[in-house]
Each structure stands twice: as structure tokens, then as C-alpha cells.
Amino acid sequence: MLVVAIVLPCCFEILSLNCGTLMKETLRYLAGIVGPSGYGSKSTAEQVANSCSYLVDSQRLTAIITGATSGIGEETARAVAKRGVRVVIPARDIKKAAELKERIRKDNPNAEVILCEIDLSSLASVKRFCNEFLALGLPLNILINNAGIFSQKLEFSEDKFEMTFATNYLGHYLLTEMLIQKMIETAEQTGIQGRIINLSSVIHSWVGRDCFHFNQMLHPINYNGTRAYAQSKLATILHAKEIAKQLKAKNANVTINAVHPGIVKTGIFRAHKGFITDSIFFIASKLLKSISQGASTSCYVALSPQVEGMSGKYFVDCNESNCSVLANDESEARRLWRQTRALIRRRLYQTPC
């Protein structure tokens with residue numbers, strides 16, 4: 001079931017297209033044909049980072065990247081560090097983070113990598129990390145909310161919230177809330193636009209309005225791992241939409257966007273041996289991206305001058321794309337933001353919303 005749950009979004013991304021665009025978009029994806037940005041599904045993180053002129057030599061930018069100890073997050077951290085970005089890696093496993101730091105430094109001896117401890121599923125831990133980072137007195141130009149989990153069975157965080165929703169959405173909501181003022185101040189002081197990137201997924205479009213209820217996502221009765229993951233990824237897009245509106249109202253020089261990295265090749269398939277698994281892997285491998293290709297869109301939205309001023313958008317294969325009708329619902333985005341804000345204030349600050 002786990003293999004099917006990972007492969008299905010890849011198939012759905014194609015099947016969800018209408019007949020008129022199915023062949024065109026499938027061929028474009030498989031062939032890696034570039035879009036308006038000059039990049040496509042075959043573009044890699046390093047290609048994108050190397051060609052971006054957004055970075056300036058006179059100042060060292062600072063980026064926080066969650067979930068950077070493996071997969072897309074690791075490749076994103078490696079690519080931006082190679083361009084001279086100071087990378088802050090909040091991680092649950094400090095040993096793995098230290099090993100990543102060594103790999104980055106081996107690739108680029110001048111890279112500056114700062115390690116901090118965090119458990120994104122814990123609101124108290126997120127708050128503690130933010131206070132520790134702010135105490136360092138560093139600027140903050142880029143925040144990449146990359147970390148995510150997929151849990152087949154129902155688990156709860158220390159705050160007694162469903163683990164997938166707590167990690168993928170609630171933790172990143174609080175992280176953004178506590179660091180956004182620092183990003184606004186950094187942008188004012190440097191003149192360089194701050195950028196926030198939320199990692200989402202095409203699977204967000206599986207969620208209908210009838211199964212997107214805040215309290216039920218916090219404490220599900222009939223748990224389904226794929227549905228929980230999809231709900232959390234829809235929430236990250238709605239979060240980006242609402243925060244984009246708030247930043248615009250403040251006239252802040254900070255943007256926030258959501259990205260779908262694509263369905264990326266991982267070792268999870270080979271951990272489930274068998275004829276059916278191998279057959280599925282063979283078929284899916286024609287559609288899956290490499291880890292470097294999966295990290296390209298995060299790097300593009302974080303670094304490219306072409307994205308200057310764009311906010312509240314959804315990107316796929318380094319190009320702006322369309323998300324679901326529900327993900328574009330401004331009233332839903334506002335409602336989710338208010339409910340999340342009230343919950344966190346009650347939990348952490350014991351104050352009314």
C-alpha cells in the first residue's frame with residue numbers, strides 16, 4: 001500500500017489533465033521541454049542555482065531549510081550553499097545534520113552551515129528554535145519550509161495533534177509566524193527581497209471541501225495516511241495564499257509561494273521487493289524525478305530574478321502552474337489561518353485569538 005500511495009500521485013498528475021492537454025503535457029514532462037522560465041521537469045537544482053543572478057556578491061544571504069538532512073532538502077541546501085548562501089539547518093537528528101554539514105563543506109570548503117535542533121511536530125520545539133535563531137542576530141533572506149512526513153498509521157504529536165498535519169503544516173506555520181518579521185526587517189535593511197517557499201504536492205488536489213475540516217484534521221476518527229498527507233499539502237498552499245495577502249497589505253518586500261517538487265525517486269520502492277513492486281517501480285521510474293530534479297523548483301523560487309515580486313503562486317517544474325479550486329479559495333485560506341493562529345496562541349501563549 002505504501003508503494004501505491006507514493007506512485008498514485010504521479011499517475012494522478014497526468015490523469016487529472018483534460019483530454020485536450022493530456023498528450024501535450026505528458027510529452028512535455030517526459031521530454032523535459034522547458035517552460036516560460038527556461039526550465040522544465042529535467043532541470044536540476046545545481047543548474048538552476050548556477051544560472052540565477054539573484055544572489056549578490058557583496059552580501060551573504062542566509063537561508064533556513066527544514067528537512068535538509070535527506071532527499072530534496074539536502075540537495076536544496078547543497079545547491080544554495082554552493083552559491084554562497086549561509087545555510088541554517090534545523091534538524092531533529094543532529095548527528096545526521098552534522099554529516100550533511102561535512103558533505104557540504106567537502107563540496108565547498110567556504111560554505112557556512114549552522115546546525116540547530118528542532119522537532120517540527122512540537123510547537124514548543126519550534127518556538128525554542130526560533131528564539132535561538134533570532135538570538136544569533138543573523139539576517140534572514142530565505143525560508144524554505146521543506147520538511148514533510150507521510151505516516152501510514154495514526155500517530156499523535158506531543159501536542160496531541162495528528163502527526164502528519166502537525167509536522168507538515170502546524171510546525172511550518174509557527175516557524176513562519178515567528179520569523180517573518182525578521183525577514184521583513186532584513187529586506188528593508190538590505191534591499192533584497194525575502195522569499196518563503198512552502199513545499200506542497202500535486203496530491204493537494206485530491207482533497208474536497210467536505211473533508212477539509214480543521215478539528216477533524218487535528219483529531220481524525222477514520223484515519224487514512226494518503227488523505228492526511230494531501231490535507232497537509234493543501235494547507236501549505238492556503239497558508240502561502242493568506243500570508244501573501246498579509247505581506248502585500250504591509251507593503252513588505254517579502255514573498256511566499258508554494259511549490260510541487262514532483263514525485264521523486266527514493267529508496268522506499270526497493271525496500272519492498274516483489275514482482276508487483278518491481279513492476280510498479282519500472283513503470284513509475286519513467287515518470288519519477290531524480291532528487292536533484294525534485295529540488296530544482298525550490299531553488300528556482302528561492303533564487304531566480306524571474307520570480308521577483310511574485311507571491312501567493314504555485315510552481316511546478318520551475319514554472320508557475322495551477323492549483324485546485326479549493327487551494328485558490330481566499331475565504332478558506334483566511335479561515336484556516338485564523339483557526340491555526342487561535343490554536344497556537346491557546347497552546348503556547350495562553351492568550352485569546
Side-chain angles (χ1 to χ4, degrees), residues 1-16 66-67 69-73 92-93 119-123 145-173 198-239 258-274 276-281 283-285 287-289 291 294 323-324 326-327 336 339-340 343:
M1 288 303 294
L2 181 57
V3 175
V4 174
I6 297 297
V7 173
L8 275 177
C10 190
C11 300
F12 181 78
E13 185 169 9
I14 292 176
L15 295 176
S16 62
T66 67
T69 56
S70 64
I72 293 172
R92 187 171 185 170
D93 189 332
D119 177 357
L120 273 167
S121 71
S122 163
L123 297 177
N145 293 320
N146 169 86
I149 64 168
F150 178 98
S151 180
Q152 284 185 291
K153 61 182 180 179
L154 178 60
E155 299 178 276
F156 290 96
S157 68
E158 69 176 30
D159 298 300
K160 307 299 186 238
F161 304 136
E162 190 278 313
M163 186 66 79
T164 300
F165 195 68
T167 304
N168 297 1
Y169 170 66
L170 292 177
H172 284 130
Y173 175 101
N198 283 357
L199 267 285
S200 185
S201 170
V202 69
I203 201 176
H204 81 270
S205 56
W206 286 25
V207 182
R209 198 176 299 273
D210 59 339
C211 63
F212 194 72
H213 301 287
F214 191 67
N215 288 332
Q216 291 180 20
M217 290 186 288
L218 292 174
H219 307 106
I221 299 174
N222 298 311
Y223 180 77
N224 177 280
T226 302
R227 181 176 60 214
Y229 183 79
Q231 289 168 331
S232 73
K233 292 305 180 180
L234 172 59
T236 64
I237 299 178
L238 291 169
H239 176 238
V259 308
H260 166 51
I263 311 302
V264 179
K265 295 176 185 176
T266 70
I268 196 169
F269 294 99
R270 292 311 185 189
H272 297 266
K273 289 288 186 180
I276 294 176
T277 301
D278 289 347
S279 299
I280 291 174
F281 179 80
I283 295 170
S285 66
L287 300 172
L288 301 184
K289 290 184 174 185
I291 290 175
C323 51
S324 71
L326 184 54
L336 177 64
Q339 291 172 318
T340 309
L343 174 73

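In this text the structure is predicted, and so the values were computed from the model without any measurement.
Atom CG of L234 sits about 8.0 Å away from atom CG of L336, to the nearest 0.5 Å. Going from atom CG of N168 over to atom OG1 of T236 covers 8.0 Å, rounded to the nearest 0.5 Å. Between the CZ atom of R92 and the OG atom of S121 there is a distance of 5.0 Å, given to the nearest 0.5 Å. Distance check, rounded to the nearest 0.5 Å: SG of C211 to CG of N222 gives 12.0 Å. Atom-to-atom distance recorded for L154:CG and N224:CG is 11.0 Å, nearest 0.5 angstrom. Rounding to the nearest 0.5 Å gives a distance of 11.5 Å between CZ of F165 and CD of Q216.
Considering only residues two or more places apart in sequence or on other chains, D159 meets the side chain to side chain donor-acceptor pair (under 3.5 Å) condition with none of them. Shown here are the side chain to side chain donor-acceptor pair (under 3.5 Å) partners of Q339, two or more places apart in sequence or in another chain: there are none. With sequence neighbours excluded, the residues satisfying ring-ring contact (aromatic ring centres under 6.0 Å, His included) with H239 are Y173.
When only modelled atom types and interatomic distance are considered, H172 and T66 share a side-chain donor-acceptor pair under 3.5 Å.
Across all their heavy atoms, G208 and L326 have their closest contact at C-CD2, 3.9 Å. For F161 against A166, the heavy-atom pair with the smallest separation is CB-CB, 4.2 Å. Shortest non-hydrogen contact noted between S324 and H204 is N-NE2, 3.0 Å.
Inter-residue side-chain proximity for Y223 and E162 is flagged as met; some heavy-atom pair is nearer than 4.5 Å. Looking only at side-chain heavy atoms (C-beta outward), K233 and S200 come within less than 4.5 Å of each other. Counting heavy atoms from C-beta outward, D93 and T69 have side chains that stay 4.5 Å or more apart. Two residues are said to be in side-chain contact when any heavy atoms from C-beta on lie closer than 4.5 Å; K289 and P261 fail this criterion. Taking the side chain as every heavy atom from C-beta outward, Y229 and I149 never approach each other to under 4.5 Å. For the pair F212 and L238, the minimum side-chain heavy-atom distance is below 4.5 Å. F156 is not listed as a side-chain neighbour of M163, based on a closest heavy-atom distance of 4.5 Å or more. Two residues are said to be in side-chain contact when any heavy atoms from C-beta on lie closer than 4.5 Å; W206 and R227 fail this criterion.
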Run the side chain to side chain contact (heavy atoms under 4.5 Å, CB included) check on L218 and L170 step by step: do they pass?
CA-CA 10 Å; L218 292 174; L170 292 177; 3.8 Å; yes
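The backbone N or O of I237 lies less than 3.5 Å from no partner atom in the side chain of N198, so there is not a single donor-acceptor pair. Within the 3.5 Å criterion, the main-chain N or O of T164 finds no donor-acceptor partner in the side chain of Q231.
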